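Notes follow once the structure below has been shown.
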Amino acid sequence: VKAKSSDEAYLWHQDESGHGGLHRWHLSGLDTISAVSVLMSEIKVESPTSKDVLNIDVRNYGAVGDGTTDDSAAFEKAFAAASKAISPATVFVPGPFRYVIANVSLPTNSTLTGHPAGIQHAPVGEEADSLDAGAPDGAPVIVMHASAAFAIQVNSSTVLSAIRFEGSSRDTHSPITSGLVHSPHISDVVIERCSFADTSRGGIITDHTHHFSFRNNVFTNVGEGMDIQFSHDGMITGNLLQNISHHGIQFWGNFNNKVQ
């Protein structure tokens, strides 16, 4: 929309830069641009719909969640919708369903979340049998396909929360090289209140990940809890680990990380 105020011309527009809002460009030295007086009340700005910003539900994109069907394509469609949202998007994984997926990448600037109460665990020092409350009533479970390199790969500026991740009973991959969740060559990642269970691999594998926070997660019956490789400026706090066959937390070539 071209608008004119006194002798100065402006261009008002709604762009797709990801910043949203109505933008004003001051036009000068362009004789080919004509100025047309318009009422600001006539300029319509469309806000993103709630579907664009929130309420992206994997079930609405074809996820079955029966514990057998491969739901990878449905997750990819939901993530594609999240990547097109104007504002940071939240993708919901409703429970109490079990979703089998393989090698799916969560897009930048988005959140994948499940049960609103999150994954709970007993306070440190209490009985170990209450550590893995990792699937409260109604919580979703993501099961990694046995042939997959990972279930979810996170990207920069992402959050993963309140989901239980499980491996396959046929899983024979090395825990050093693969895990349920991968975090490669990215920054600003939060993984919180999740559960990682029943796999010979690792729960979380990082590689050159910077500015990350892994907090209040539960790791039970896994090859490794967390394998932190060549990563820095991270905080690992409030996590509980039980029945780990190799390493609870393993560090390779890292610096400036804190563990509590």
Side-chain angles (χ1 to χ4, degrees), residues 93 95-99 101 106 111-144 150-154 158-169 171 173-183 188-207 209-229 231-252 254 256-260:
V93 185
F97 308 106
R98 296 174 61 85
Y99 306 88
I101 65 173
L106 180 65
T111 294
L112 183 67
T113 189
H115 195 275
I119 302 303
Q120 306 297 320
H121 59 64
V124 174
E126 293 193 7
E127 291 298 322
D129 60 7
S130 62
L131 284 181
D132 188 24
D137 291 342
V141 178
I142 288 180
V143 181
M144 180 176 63
F150 52 83
I152 294 286
Q153 178 172 290
V154 293
T158 53
V159 177
L160 200 59
S161 71
I163 297 172
R164 179 181 172 95
F165 292 87
E166 294 181 1
S168 167
S169 60
D171 192 352
H173 289 70
S174 167
I176 303 298
T177 59
S178 61
L180 297 173
V181 173
H182 274 205
S183 174
D188 301 306
V189 177
V190 175
I191 300 178
E192 60 180 358
R193 299 181 300 130
C194 290
S195 174
F196 302 86
D198 302 332
T199 179
S200 62
R201 310 193 206 185
I204 301 172
I205 307 292
T206 77
D207 183 7
T209 297
H210 315 312
H211 302 101
F212 60 91
S213 177
F214 302 153
R215 57 193 186 226
N216 302 320
N217 300 293
V218 179
F219 301 83
T220 305
N221 299 322
V222 297
E224 287 184 340
M226 289 167 271
D227 194 316
I228 313 300
Q229 304 176 16
S231 302
H232 65 79
D233 293 297
M235 174 64 77
I236 301 174
T237 181
N239 302 280
L240 291 178
L241 301 99
Q242 178 179 259
N243 297 333
I244 311 299
S245 60
H246 293 277
H247 305 284
I249 306 175
Q250 179 164 255
F251 292 95
W252 292 72
N254 304 275
N256 202 30
N257 294 317
K258 297 180 180 179
V259 180
Q260 295 180 339

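Note that the coordinates shown come from a computational prediction; the quantities given were computed from them, not determined experimentally.
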If I compare all heavy atoms of [X] with all of [Y], which pair ends up nearest, and what's the gap?
X    : Y    : answer
A162 : C194 : N-SG, 3.6 Å
M144 : L180 : CE-CD2, 3.5 Å
F165 : I152 : CE2-CG1, 3.9 Å
L241 : G248 : CD2-O, 3.3 Å
D198 : R164 : OD2-NH2, 3.7 Å

*Between the main-chain N or O of S231 and the side-chain N or O of N254, is there a donor-acceptor pair closer than 3.5 Å?*
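Pair found, side chain donor or acceptor close to backbone of S231.
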*Is it true that a side-chain atom of N239 and a backbone atom of F219 form a donor plus acceptor pair closer than 3.5 Å?*
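No; judged by distance alone, with no hydrogens or angles, the pair does not exist.
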*Do F212 and N257 have side chains that get closer than 4.5 Å, going by heavy atoms?*
yes
_The single option from V159, T158, I204 passing side chain to side chain contact (heavy atoms under 4.5 Å, CB included) against V189_ = T158
*From the options N216, T113, T111, select the one residue that forms a side chain to side chain donor-acceptor pair (under 3.5 Å) with S161.*
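Only one of N216, T113, T111 forms a side chain to side chain donor-acceptor pair (under 3.5 Å) with S161, namely T113.
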*Between D227 and R201, is there a side-chain N and carboxylate O pair less than 4.0 Å apart?*
no
*asked:* Rounded at 0.5 Å granularity, tell me how far CE in M226 sits from CD in Q250.
replied: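 Taking CE in M226 and CD in Q250, the distance rounds to 12.0 Å.
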*asked:* Can you tell me how far apart CD (Q153) and CD1 (I205) are? Round to the nearest 0.5 Å.
replied: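 Output value for this atom pair is 12.5 Å.
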*Apply side chain to side chain contact (heavy atoms under 4.5 Å, CB included) to the pair F251 and V259, showing each step before the final yes or no.*
CA-CA 11 Å; F251 292 95; V259 180; 3.5 Å; yes
*Under the side chain to side chain contact (heavy atoms under 4.5 Å, CB included) rule, what do Q242 and T220 come out as? Steps first, then yes or no, please.*
CA-CA 5 Å; Q242 178 179 259; T220 305; 3.6 Å; yes
*Return each pair, listed once, that meets salt bridge (Lys or Arg N to Asp or Glu O under 4.0 Å) where at least one residue sits in residues 213-222; pairs must be two or more places apart or across chains.*
E192-R215
_Run the side chain to side chain donor-acceptor pair (under 3.5 Å) test against D207 and tell me which residues pass, sequence neighbours left out._
none
*When you look at F214 and V181, which way does the side chain to side chain contact (heavy atoms under 4.5 Å, CB included) test go after all the steps?*
CA-CA 12 Å; F214 302 153; V181 173; over 6 Å; no
*Worked verdict on Y99 versus I163 for side chain to side chain contact (heavy atoms under 4.5 Å, CB included)*: CA-CA 11 Å; Y99 306 88; I163 297 172; over 6 Å; no
